[in-house]
Amino acid sequence: ALRGRAGRLLSQAAGEGGGAEGGGGSGSREAVERLVREHPVVVFMKGSPAQPLCGFSNAVVQILRLHGVEDYRAHDVLQDPDLRQGIKNYSNWPTIPQVYLNGEFVGGCDILLQMHQNGDLVEELKKLGIRSALLDAEKDQEKK
């Protein structure tokens, strides 16, 4: 039930539960923890991968696409103000997008770009069992 629009589903569930403080609303630490752990690659962004609504979110989507990472969870923080603040509190990072690998906060657009440029992202994806498409692209170049 959490897949897809998890943030929205969680916030609806919190509304039905009486809304006690820290009661598991979409911005609660528990709800955010569930979201970051629901998949090996999780992105909190503005908009969706198909339609990013800011340049930084778009850059993260493009970097993941370059590496051939299509299977990841993306959460649109513009749809849920509680989640937007909750993820900032959870990571102690003030900006969106935010990228999580295996439940661990990696950083935002600038960090992901740096990891892409220095090769660290290929290594981190490998730890998740994801082979970067860039490795295949390098092999193709070597053959030529």
Same cluster (ILVMFWY, side-chain, under 4.5 Å), Leu128 and Val69: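 In one cluster with Leu128: Val69, yes.
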In the single-linkage hydrophobic clustering (I, L, V, M, F, W, Y; side-chain heavy atoms under 4.5 Å), do Leu121 and Phe56 co-cluster?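 No, it is not one cluster - the side chains of Leu121 and Phe56 are not joined through contacts under 4.5 Å.
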Is the side chain of Gln98 donor-acceptor paired with the backbone N or O of Ser91 at a distance under 3.5 Å, no angle test?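 Such a contact is absent between Gln98 side chain and Ser91 backbone.
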With rounding to the nearest 0.5 Å, note down the distance linking [atom1] in [X] to [atom2] in [Y].
{"X": "Phe105", "Y": "Ile111", "atom1": "CZ", "atom2": "CD1", "result": "7.5 Å"}
{"X": "Ser48", "Y": "Gln79", "atom1": "OG", "atom2": "CD", "result": "9.5 Å"}
{"X": "Lys88", "Y": "Thr95", "atom1": "NZ", "atom2": "OG1", "result": "8.0 Å"}
{"X": "Met45", "Y": "Cys109", "atom1": "CE", "atom2": "SG", "result": "11.0 Å"}
{"X": "Lys46", "Y": "Leu78", "atom1": "NZ", "atom2": "CG", "result": "6.5 Å"}
{"X": "Ile63", "Y": "Gln117", "atom1": "CD1", "atom2": "CD", "result": "8.0 Å"}

Give the intermediate values and the outcome of side chain to side chain contact (heavy atoms under 4.5 Å, CB included) for residues Val36 and Ile87. CA-CA 9 Å; Val36 301; Ile87 194 64; 4.1 Å; yes
Within 6.0 Å of CG in Asn118, more than 12 heavy atoms from elsewhere: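 Counting neighbours around CG of Asn118, more than 12 heavy atoms of other residues, nucleotides or ligands fall under 6.0 Å, so yes.
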Chi angles and distances behind the side chain to side chain contact (heavy atoms under 4.5 Å, CB included) call for Leu83, Leu35: CA-CA 10 Å; Leu83 178 61; Leu35 294 178; 3.6 Å; yes
Of the non-hydrogen atoms in Val61 and Pro52, which two are nearest, and what is the gap between them?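 Of all heavy-atom pairs spanning Val61 and Pro52, the closest is CG2-CG, 4.3 Å.
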